[in-house]
Enquirer: 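Please find one structure pasted underneath; my questions will follow.
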Protein chains: 2
Amino acid sequence: MASDGNTVGAIVESKECYLSAYAVQGVPTSDHIKFRTVALPISADSIPEGHVAVKVLLISVDPYLRTRMTGLAEGLNFPRFELNEVLKEYGIERVIASRNDKYNEGDIVMNPYLPVAEYCVIPPDLLTTIDPASSSFSLPEYLSCLGVPGFTAWAGIEVLGDLKAGSNVFISAAAGGVGMFAGQLAKLKGCRVIGSTGSDEKVKLIKEELGYDDGFNYHKETDFDVALTKYFPDGIDLYFDNVGGKMLEAVLNHVNHRARILLCGMVSQYNKVWTERDGVRNLLNAVGKEVRLEGFMLYSHLHRLPDFARDMETYKKQGKIKSKHTLRHGIESFVEGFGSLFSSSNMGKVIVQVGS
Amino acid sequence: MASDGNTVGAIVESKECYLSAYAVQGVPTSDHIKFRTVALPISADSIPEGHVAVKVLLISVDPYLRTRMTGLAEGLNFPRFELNEVLKEYGIERVIASRNDKYNEGDIVMNPYLPVAEYCVIPPDLLTTIDPASSSFSLPEYLSCLGVPGFTAWAGIEVLGDLKAGSNVFISAAAGGVGMFAGQLAKLKGCRVIGSTGSDEKVKLIKEELGYDDGFNYHKETDFDVALTKYFPDGIDLYFDNVGGKMLEAVLNHVNHRARILLCGMVSQYNKVWTERDGVRNLLNAVGKEVRLEGFMLYSHLHRLPDFARDMETYKKQGKIKSKHTLRHGIESFVEGFGSLFSSSNMGKVIVQVGS
């Protein structure tokens, strides 16, 4: 590979990650997600006007991406990846060549639809320059606390949650990228917050480090109805749903009058075709209890981005919010990192460190 | 029985309808709903201070009552009937004796929790006096257009629906008590309105008399996905759900972005225990499409009753709203009338005429 410092006329060998086969069901593996090396011209005289060439530093690994790999037009309503298309993810990059006055070599930038690759040439449309040197956030925290997971949690809790101090809040996937912030933000509102997660280690994390009032390992407390009876003697006022399926159904047996259910994601269901997904049989409870179930996507809340960033910066400076992440190294670790989202083996936000 | 006109010292024989056994599953029949005759003192000197004795004229027959007959604490969250308790329903009565200054013999009154009986002695707490002689509504219309079904439809469409002219609206149980008004109110907002119902006769009713744009018989067009593809080429913006189950699931495959689903009732599911109800497997679509599913109950909207009554009176005078009902005769027809709610054999609002 070319060194970063000298890109004039340079061509780099860049490994990129592409979808080789649709995974209709099951966790996608190296049978579906493959790598290839391409020779990429990255000198300023070879890239298109207005574009920048970047070396990829960090790539976010998000559960929602699963729904783009089925080849089917259903799920989260994102466009499917075409076969042989390079995967796109949120990422942080360093500019190594620029044909755009707004970006200089050395700039650190973010991009929500970055090709999952070691290097790439990208249009500047969705780039944001960041300045980690003068920030209270580390680079990985730009992808967690200050990134999509943090913003998603904030939009749910702050914009849609209608929370009052003392409300009983339940967060599933409570130690995951979104869940860990949703729980902490609900605590900052004075709520009683309980989380479910997939290992004892993560229960310990949410209770001892993230400030949850309590939590349980759903692999051990497998009768969710019994668990929710135990952890919510006064019922549930808000459920921040990251998993769907059986847990959502169990929650509907424990909701209080006028409870809200924020449908953020359904990671327990992504690896099944829809006809095989767990059916929720007790939606009638939502009628009698006047429950609102509301799906939401981040793009509808982009106008609140400045409010979110201001809140998170304040909380961070005050030491009121913590961020956990698992770094995996090298672009090929993307496959295993992605799989870890579905096996309870991830801890906090999963990030692939591609370059340094 | 005593004549209505002469009640001093009178005792009437009154047939009353009570729950003799819980019906956990299936349509309740005469095995569960029975009648007994009681001797009821109805003279002004024998009834309690503040109370009135009434002769029952009309009794509303509502699907929600089913959920009070299971003996289980789930469903619509209404208190269950105790065994041997007289059923309670919305009804219209004539005062035949009064120990209350606000009510005189001959007054016509309404009561949301009227004992299902020929005569009864009731406290005045929830009584409303009505004056059908000076009204544009007939007596049965007080139980349909101007009653619970009309108000429920109005609350859904007017308060929660967020409808715009041109929106694509789907109403299930479209010729039923609530559905017929929901459809007409949506039409008055300039929407395109399609209904599903259980017979060709009712499809004809909603299209030719109630002004629906189109409709289908779900017993004939049994692949709901095919039917909704056909009737909603531009997707569904609002679904007013009276049936739940498979139809709700099918709708979730045809919702537009930010569609609303008003969870009003689930008549297709009331005769099953919750673990046997049809599971909705595609709630993930609600995330990607940012759909709001919202359960609602009428008691939360009582402060809007004057607005509702004003609207309905205006529409009625302008000939813009029609009301259909099926009258059944004699208190013992309550059992069959109630059963008809679950067999597609009802037409419009079902009402039992007890006395004249």
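A, B, ... follow the sequence lines: proteins, then strands. Residue 1 opens every chain. This one's a predicted model, so the numbers in the text were calculated from it and none came from an experiment.
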Enquirer: According to side chain to side chain contact (heavy atoms under 4.5 Å, CB included), who are the partners of A:A174, at least two apart in sequence or on a separate chain?
Expert: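 Listed in chain order: A:I171, A:I206, A:Y212.
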Enquirer: Nearest heavy-atom pair of A:V287 and B:M266: which atoms, and what distance?
Expert: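 Taking every non-hydrogen atom into account, CG2-CE, 4.1 Å.
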Enquirer: Give, as side chain, backbone, both or neither, the part of A:L248 having an atom under 4.5 angstrom from any heavy atom of chain B.
Expert: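 The answer is the side chain of A:L248.
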Enquirer: May I have a table of the donor-acceptor pairs connecting chain A and chain B at distances under 3.5 Å?
Expert:
{"unit_1": "A:H257", "atom_1": "NE2", "unit_2": "B:Y299", "atom_2": "OH", "d": "3.4"}
{"unit_1": "A:R258", "atom_1": "NH2", "unit_2": "B:S300", "atom_2": "OG", "d": "3.2"}
{"unit_1": "A:T275", "atom_1": "O", "unit_2": "B:R281", "atom_2": "NH1", "d": "3.1"}
{"unit_1": "A:V280", "atom_1": "N", "unit_2": "B:V280", "atom_2": "O", "d": "3.0"}
{"unit_1": "A:V280", "atom_1": "O", "unit_2": "B:V280", "atom_2": "N", "d": "3.0"}
{"unit_1": "A:R281", "atom_1": "NH1", "unit_2": "B:T275", "atom_2": "O", "d": "3.1"}
{"unit_1": "A:E290", "atom_1": "OE1", "unit_2": "B:S300", "atom_2": "OG", "d": "2.4"}
{"unit_1": "A:E290", "atom_1": "OE2", "unit_2": "B:M297", "atom_2": "N", "d": "2.7"}
{"unit_1": "A:E290", "atom_1": "OE2", "unit_2": "B:S300", "atom_2": "OG", "d": "3.1"}
{"unit_1": "A:V291", "atom_1": "O", "unit_2": "B:G295", "atom_2": "N", "d": "2.9"}
{"unit_1": "A:R292", "atom_1": "NE", "unit_2": "B:E294", "atom_2": "OE2", "d": "3.3"}
{"unit_1": "A:R292", "atom_1": "NH2", "unit_2": "B:E294", "atom_2": "OE2", "d": "3.3"}
{"unit_1": "A:L293", "atom_1": "N", "unit_2": "B:L293", "atom_2": "O", "d": "2.8"}
{"unit_1": "A:L293", "atom_1": "O", "unit_2": "B:L293", "atom_2": "N", "d": "2.8"}
{"unit_1": "A:E294", "atom_1": "OE2", "unit_2": "B:R292", "atom_2": "NE", "d": "3.2"}
{"unit_1": "A:E294", "atom_1": "OE2", "unit_2": "B:R292", "atom_2": "NH2", "d": "3.3"}
{"unit_1": "A:G295", "atom_1": "N", "unit_2": "B:V291", "atom_2": "O", "d": "2.9"}
{"unit_1": "A:M297", "atom_1": "N", "unit_2": "B:E290", "atom_2": "OE2", "d": "2.7"}
{"unit_1": "A:Y299", "atom_1": "OH", "unit_2": "B:H257", "atom_2": "NE2", "d": "3.4"}
{"unit_1": "A:S300", "atom_1": "OG", "unit_2": "B:R258", "atom_2": "NH2", "d": "3.1"}
{"unit_1": "A:S300", "atom_1": "OG", "unit_2": "B:E290", "atom_2": "OE1", "d": "2.4"}
{"unit_1": "A:S300", "atom_1": "OG", "unit_2": "B:E290", "atom_2": "OE2", "d": "3.1"}

Enquirer: Taking only residues two or more places apart in sequence, or in another chain, which ones meet A:A286 in a side chain to side chain contact (heavy atoms under 4.5 Å, CB included)?
Expert: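 For A:A286 the side chain to side chain contact (heavy atoms under 4.5 Å, CB included) partners, ignoring immediate neighbours, are A:L252, A:V291, A:L293, B:L263.
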Enquirer: Where does B:L262 contact chain A at under 4.5 Å (heavy atoms): side chain, backbone, both or neither?
Expert: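 Neither part.
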Enquirer: Can you list the residues that meet the side chain to side chain contact (heavy atoms under 4.5 Å, CB included) rule with B:A250, with sequence neighbours excluded?
Expert: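 Per chain and number, B:A250 pairs via side chain to side chain contact (heavy atoms under 4.5 Å, CB included) with B:F224, B:L228.
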